[in-house]
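First comes the structure, then the notes that go with it.
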Amino acid sequence: MLGRRQKQEKWMLLAPAMFVLALITLVPLANTLWLSFTDTRITAIATPVHFIGLENYVYALTDPDFQAALYRTLYFTIVSVGLEGVLGIAVAVLLNQPFRGQLVLRALIILPWAVPTIVNAVAWRLIYQPDYGALNSLLYQLGLISDYRSWIGDPSTAMNMVILADVWKNFPLVAYVALAALQTVPGDLLKAAAIEGAGPWKRFRSITLPWIAGPLLVVMVLRTIEAFRVFDIIYVMTSGGPADSTKTASFFIYQEYFNYLRSGSGASYAVLVAGISAVLILAYYSVAKRQAAGGTA
Amino acid sequence: MKAIKKLVLGSALATLAMASTALADTTLNALFMSQAAYSEDDIKSMTAQFEAANPGVKVSLEFVPYEALHDKIIAAAGAGDDGYDVVLFDVIWPAEFATGGFLTDVSDRIPAAYTDEVFEGAWTTVEYEGKRYGMPWILDTKYLFYNTEILAEAGISEPPKTWTELMTQARQIKEKGLVEYPLVWSWSQSEAMICDFTTLTAANDGKFFDAGEPAFTTGGAKDAVTFMKATLDEGLTNPASREYFEEDVRRVFSNGEAAFALNWTYMNALANDPKESKVAGKVKVVSAPGVEGKSTASSVNGSMGLGIPANSPHADEAWAYISFLTQKDIQDDYAKLSLPIWKASYSEPKVMEGQEDLIAAAKESIAVMYPRPLVPSYTEVSDILQKNIHQVLLDQAGVDEALEAAAERVKRIR
């Protein structure tokens, strides 16, 4: 236990960092919150600002387009993070096996993650291009499609195609974290289980997975938060189209601010999206706490 | 001899220098777009000419895609002295920029004689409530381009005068198997689609708003959407048009994969350039068709102007630069990718040379240029129309249903 003096010292040492943190997070946060209750507009001349209570929130939440966008965002988040998780673990397990070229492959697999999102988005747009894109060419030559088709121009496939591009970019992060965790799984334990007659799937379910669950949870939560506020990859690939089928919640913040110049209303959308993200973070904390209490991993 | 030449040149330069001593040493920040109309090279070379004639004034050029132009202008308004001094802005923004105070009112800087010397359609590009917020620069509209070889093979001697005739000709071309999809458009969910929609609405004598209320649910605007859908249903329009921008249209047309295309002026020079196009020399241009009993030609006002942001500390120098770029001589010299705003230019031999058909089409089109809705909330109105019309084109909604939904949504704009 720290003494009184030590406690004081601790706070004094932390104070400068806390002050900076407050300045760069709390002030903008409070400002955004205040904006969201006003009718502020972006103008180059002074215009009166009015407090309008919950009007912005009522407008946002009663907007069927925004509701649809929230569901769409949820779909994007669940599917892309889910796939990234499955693919990430599978690749990590593979890379954890000893084989020739293992090191080279381990280095190569990180490349998609190292590519900037914008570059990744533009590259996938070219792959999906309806007339000369690589995807059409590949599927056509394999005999899987009989005609070149539109991928991100068709509302029934556009969202899934964007998700694919996002998964390709982000699964290496999950794979790397999982791989690092896999290397801490005690080999004796696995051997012992094998001797006791546990098959590979049983060993993975009962030993490996619980062992790597902690670090995996952290990376999955990070990805979830990131996925929920997705904007850049969609902006570049489809700009929210066709017919709004890829327009996610973050688009409304951008649109209200920069296209329609309603910063008050834009702030309310931002608060809503941040609020939902906060719920996701809380959910993570409660899971992590329960796990810590459980004692494994 | 040489000495005399030098003397003449020297005095000419001295006069130029004297004329510009009023301008202090400054660097102007100018924002342009890098697609359609004047190319980056054109703008760089015009700017070099300006700098040579105005020692002490340097211009730092920034090129962004059209889609980023609006947001850049808005975001830079908060940048104080470090913002832009000259910006290129679209015909659809003056209402919004004027009400928000983003652009400087330059009505008093424009010589009175210009009012008659410049096309009226060009002026609407920079005007809002009787004031001028810049000088028009790019006078542009969408023209109908056609592939003479394909039309000849189909036995068609004259390009279409009406949209109905265009469909008949397209059918003929498709039946003969000359191309799979005779028509290509920029119908992605974007402003590019609204420009085509406006052209067709103008042809059908339609209206967007009537006394402030949405009027696009009936009449010409509805006919326009119905027409767009019909060309898709019949397989005359390339279905990929629904994700195309202007550059995609140019590429498909320049590959010889379409018989007709609607596009801006700049495609004329590029589709006829063998380095850029497989159909060079086989491309002709006319005004977009009309509708029998309603119009003889149709055209959307797609012009752009140059203005001075309200926070520019160098308004005088900025205006000197704008005046230089928009003057008749400069515009006449660079008339291949974008046509001049000056009426007199259209009888200048150097403007007409090699593009006589374009100039003939321009004279007809400029006279009937139709504006998109001139309302401060235009960006939002356009977004709503884009989404709902796109739903029609993608078979997700009927024409009536989609346009009614758009009208309801427009009424909800705050």
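Heavy-atom minimum distance, G101(B) versus A44(A): O-CB, 3.1 Å. The two atoms that bring F102(B) and L261(A) nearest to each other are CE1-CD1, 3.8 Å, heavy atoms only. Closest approach of E96(B) and N259(A) over heavy atoms only: OE2-O, 3.9 Å. Nearest heavy-atom pair, E243(B) versus G153(A), reported as atom, atom and distance to 0.1 Å: OE2-CA, 3.3 Å. Looking at every heavy atom in both residues, A243(A) comes nearest to H390(B) through N-ND1, 2.9 Å.
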> Are R412(B) and D65(A) close enough, and set up right, to give a side chain to side chain contact (heavy atoms under 4.5 Å, CB included), and what steps lead you there?
Replying inline: CA-CA 12 Å; R412(B) 221 179 153 236; D65(A) 289 346; over 6 Å; no
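Counting non-hydrogen atoms of other residues, nucleotides and ligands closer than 6.0 Å to CZ of F51(A) gives a total above 12. More than 12 heavy atoms of other residues, nucleotides or ligands sit less than 6.0 Å from atom CZ of R372(B). Remark: F209(B) CZ is packed, more than 12 non-hydrogen atoms of other residues, nucleotides or ligands lying under 6.0 Å away.
In this structure a side-chain-to-backbone donor-acceptor pair under 3.5 Å is present from Q189(B) to D244(A).
T99(B) and R41(A) share no side-chain donor-acceptor pair at under 3.5 Å.
For a residue to count as touching a neighbouring chain, one of its non-hydrogen atoms must lie under 4.5 Å from one of that chain's; by this rule Q129(A) touches chain B with the side chain only. For R149(A), no part lies under 4.5 angstrom from a heavy atom of chain B. Of the atoms belonging to S377(B), not a single heavy atom falls under 4.5 Å from chain A. For F258(A), the parts lying under 4.5 angstrom from a heavy atom of chain B are both the backbone and the side chain. Q396(B) touches chain A through its side chain: at least one heavy atom from C-beta onward sits under 4.5 Å away, while N, CA, C and O do not. For chain B, the nearby parts of S150(A) are the backbone and the side chain; heavy atoms of each come within less than 4.5 Å. Neither the backbone nor the side chain of Y148(A) comes within less than 4.5 Å of any heavy atom of chain B. Looking at S265(A), the atoms closer than 4.5 Å to chain B (heavy atoms on both sides) sit in the backbone and in the side chain alike. Proximity to chain A is limited to the side chain of Y244(B), based on heavy atoms less than 4.5 angstrom apart.
Taking chain A as the reference chain and counting heavy-atom pairs below 4.5 Å, the highest number among G100(B), A77(B), S190(B), A75(B) is found for G100(B). Between chain A and the options D383(B), V392(B), D248(B), N311(B), the largest number of non-hydrogen pairs under 4.5 Å is found for D383(B). Between chain B and the residues R262(A), Q255(A), K247(A), the largest count of heavy-atom pairs under 4.5 Å involves R262(A). Of the listed residues (H70(B), Q386(B), E67(B), R242(B)), the greatest number of heavy-atom pairs within a distance under 4.5 Å of chain A belongs to H70(B). If you tally non-hydrogen atom pairs under 4.5 Å between each of I413(B), I389(B), I74(B), L394(B) and chain A, the highest count goes to L394(B).
Atom-to-atom distance recorded for D131(A):CG and R251(B):CZ is 5.5 Å, nearest 0.5 angstrom. The distance from atom CZ of R409(B) to atom CG of D63(A), rounded to the nearest 0.5 Å, is 4.5 Å.
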